[in-house]
Protein chains: 2
Amino acid sequence: MQAEDPTNEINFCQACSVRNRAICADLDDHEIALLNKIGRRRRLAPGETLLWEGDEAVFVANVVSGVLKLSTQKSDGREQILGLAYPSDFLGRPFGEVSPYSVEALSESIVCVFQRSDFERFAEEHGRLEHKLLERTLGELDRTRRWMLLLGRMNAEEKLATLLLEIASRTVLATCENTGWKVPDEFELPMSRQQIADILGLTIETVSRQFTKFREEGLIEMRGRRDVTIRKRDALEMLAA
Amino acid sequence: MQAEDPTNEINFCQACSVRNRAICADLDDHEIALLNKIGRRRRLAPGETLLWEGDEAVFVANVVSGVLKLSTQKSDGREQILGLAYPSDFLGRPFGEVSPYSVEALSESIVCVFQRSDFERFAEEHGRLEHKLLERTLGELDRTRRWMLLLGRMNAEEKLATLLLEIASRTVLATCENTGWKVPDEFELPMSRQQIADILGLTIETVSRQFTKFREEGLIEMRGRRDVTIRKRDALEMLAA
DNA sequence: CGTTACGTTGAAGTATTTCAACACTCGTGG
DNA sequence: CCACGAGTGTTGAAATACTTCAACGTAACG
């Protein structure tokens with residue numbers, strides 16, 4: 001425990017597994033201590049919601065572990081998942097009144113939560129944090145825009161291939177940051193078929209059929225419903241390209 | 001028509017029509033003068049490209065007048081338009097090496113261009129600018145995510161209704177900022193049918209048929225191919241909701 | 001061990017695409 | 001001024017990808 005800790009409380013940030021990847025990465029010990037004081041950790045069960053679309057945007061957060069989904073709904077209930085949040089990702093809408101989307105945990109997750117007002121005050125006083133947030137937001141915008149190509153111009157086969165590759169690479173980055181950079185071909189889907197459908201803009205049946213087709217063609221192998229092994233990465237990449 | 005000579009010390013920013021809405025809004029006179037020195041104005045003809053997807057990201061820019069499109073392509077040539085840029089919008093990818101999308105003028109446009117490196121240096125020294133850029137980027141991310149709902153979960157009818165309302169409101173904001181806030185129902189489409197298709201993730205034929213249907217149903221009226229008058233705003237809003 | 005949620009499969013229906021032909025608009029040159 | 005042609009937009013008919021509806025499996029859980 002640092003001698004400088006002005007609060008005498010436990011400094012979670014010091015031991016935080018995403019300390020070097022999240023937006024807090026560039027902060028010095030003193031700043032971290034301050035940030036630690038305004039944040040707190042929160043555990044979310046699968047299915048638990050952190051933010052509701054349309055509600056006042058009270059929280060922002062960093063993902064420490066787990067996977068969460070960002071989603072929005074049409075008035076008639078049709079849902080569209082806007083993105084997934086992995087460890088070190090930032091959640092919430094600073095400098096905005098209402099949350100433009102809902103955030104729900106897909107797997108058991110831990111997040112590092114701040115009152116939006118506290119966070120905004122801290123950010124405005126600490127340019128480095130704001131800069132990190134800007135870089136991350138720009139990156140997220142790029143990622144989101146790439147997803148528009150998928151939603152607007154790909155067919156079901158291409159969509160699922162793209163998603164599987166994306167999940168594979170994100171899973172690695174999130175888990176094995178230290179084990180060298182080999183992207184393993186085995187991973188667990190953090191979401192149900194319905195949720196996959198809501199990500200890809202398809203129906204559950206179409207997704208299911210596509211899984212079956214990939215299995216029959218030997219592109220993937222599955223043990224249970226959620227354990228995927230990529231068998232022909234090249235072929236998937238061809239489809240996704 | 002070449003851009004005016006940047007060395008002649010004229011301060012374009014002073015008289016800039018988007019001075020109070022673009023990211024430069026919060027800067028003081030001194031800062032504006034500095035920014036003025038590193039930027040220059042450039043006129044773009046319809047169809048002219050400012051940035052190419054995949055190329056080194058050399059420029060960033062503010063839109064002064066006109067409408068531009070951001071787009072990306074699949075390897076086989078299928079195009080998806082990622083967004084439109086109206087006056088006061090920011091273009092380009094600061095803090096990134098390559099441009100993740102192409103930027104092309106739809107109408108005759110004027111942009112205020114900066115070398116990315118110059119702009120980044122300026123931004124890091126002037127927190128207020130960076131803050132404005134962050135707010136704008138967060139807003140753009142929200143807008144982009146809302147568009148995902150359209151691409152993933154709406155049918156052709158709903159898509160076109162949404163686009164028409166969006167263009168109407170954006171056109172107003174861009175043109176009549178001072179004429180009170182009445183949203184006029186008459187506007188000009190700044191893009192071709194093919195481009196509309198590329199925005200909505202449809203084919204040109206489907207777009208055309210949908211226009212015809214809206215005309216037959218009296219929801220809109222058209223004079224020529226690009227002059228739209230909204231006749232039943234309620235009905236369009238029902239579809240878009 | 002049955003109940004319930006989740007996933008798969010089949011058959012029919014539908015929205016959108018694809019292919020093909022035709023119409024309009026606009027600028028150019030005869 | 002009209003004819004021409006290219007680009008752009010519209011319409012129809014056929015093909016198809018995806019959805020919808022419905023039934024049936026399978027895994028998960030008390």
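Convention: sequence-line order gives letters A, B, ...; per-chain numbering from 1.
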Subject >> Bending between helix ends of the helix from dC1(C)-dG30(D) to dG30(C)-dC1(D) [5 pairs per end, 10° resolution] >> reply: 30°
Original post:
Does the ring center of Phe90(B) lie less than 6.0 Å from the ring center of Phe114(B)?
Top reply: no
Subject >> Pairing of Glu158(A) and Arg78(B) as salt bridge, 4.0 angstrom limit >> reply: yes
Original post:
How many Å lie between CD1 on Ile196(B) and P on dG9(D), as a whole number?
Top reply: 8 Å
Every protein N/O lying under 3.5 Å from an N/O of nucleotides 26-28 of chain D:
from: dA27(D); atom 1: O4'; to: Arg225(A); atom 2: NH2; distance (Å): 3.3

Original post:
What are the two closest non-hydrogen atoms of Ala61(A) and Leu50(A), and how far apart are they?
Top reply: CB-CD2, 4.3 Å
Can you check nucleotides 19-22 of chain D for protein contacts, nitrogen or oxygen pairs under 3.5 Å, and list what you find?
from: dT19(D); atom 1: OP1; to: Thr203(A); atom 2: N; distance (Å): 3.4
from: dT19(D); atom 1: OP2; to: Thr203(A); atom 2: N; distance (Å): 3.2
from: dT19(D); atom 1: OP2; to: Thr203(A); atom 2: OG1; distance (Å): 3.0
from: dT19(D); atom 1: OP2; to: Thr206(A); atom 2: OG1; distance (Å): 2.4
from: dT20(D); atom 1: O4; to: Arg209(A); atom 2: NH2; distance (Å): 2.8
from: dC21(D); atom 1: N4; to: Glu205(A); atom 2: OE2; distance (Å): 3.1

**OP:** Could you state the atom-to-atom distance from CD of Gln195(B) to C1' of dG7(D) in whole Å?
**Re:** 13 Å
Original post:
If you measure from CZ on Arg231(B) to CZ on Phe214(B), what distance do you get to the nearest 0.5 Å?
Top reply: 15.5 Å
**OP:** Send over the distance from Glu157(B) CD to dA15(C) C1', rounded to a whole Å.
**Re:** 11 Å
Original post:
Does Arg116(B) make a cation-pi contact with Phe59(B) (under 6.0 Å, within 45 degrees of the axis)?
Top reply: no
**OP:** For a salt bridge (Lys or Arg N to Asp or Glu O under 4.0 Å) with Asp89(A), tell me which candidate from Lys69(A), Arg21(A), Arg170(A) qualifies.
**Re:** Arg170(A)
Original post:
Please give, in whole Å, the distance from dC18(D) C1' to Glu158(A) CD?
Top reply: 14 Å
Original post:
With distance as the sole criterion, is a donor-acceptor pair present between the side chains of Thr72(B) and Glu53(B) under 3.5 Å?
Top reply: yes
Subject >> Short N-O contact, Arg153(A) and Glu79(B), less than 4.0 angstrom >> reply: no
Subject >> Integer-rounded Å distance: dC6(C) C1' and Arg226(A) CZ >> reply: 9 Å
Original post:
Picking from dT9(C), dC18(D), dT10(D), which would you name as closest to the side chain of Ser208(A)?
Top reply: dT9(C)
Subject >> Ion pair Arg209(A)/Glu216(A), N-O distance below 4.0 Å >> reply: no
**OP:** Return the value, rounded to whole Å, for the distance between atom CG of Leu189(B) and atom P of dT8(D).
**Re:** 15 Å
**OP:** Looking at every strand, decide which applies to Arg215(A) at a 4.0 Å heavy-atom threshold: base, sugar-phosphate, or nothing.
**Re:** sugar-phosphate
Subject >> For atom NZ of Lys159(A) and atom P of dA17(D), their distance in whole Å >> reply: 14 Å
Subject >> Rounded distance (Å) that lies between atom P of dT10(D) and atom CZ of Phe211(B) >> reply: 8 Å
Original post:
Would a distance-only check, ignoring hydrogens and angles, find a side-chain to backbone donor-acceptor pair under 3.5 Å from Gln80(B) to Asp198(B)?
Top reply: yes
Subject >> 4.5 Å side-chain heavy-atom contact, Leu200(B) and Leu151(B) >> reply: no
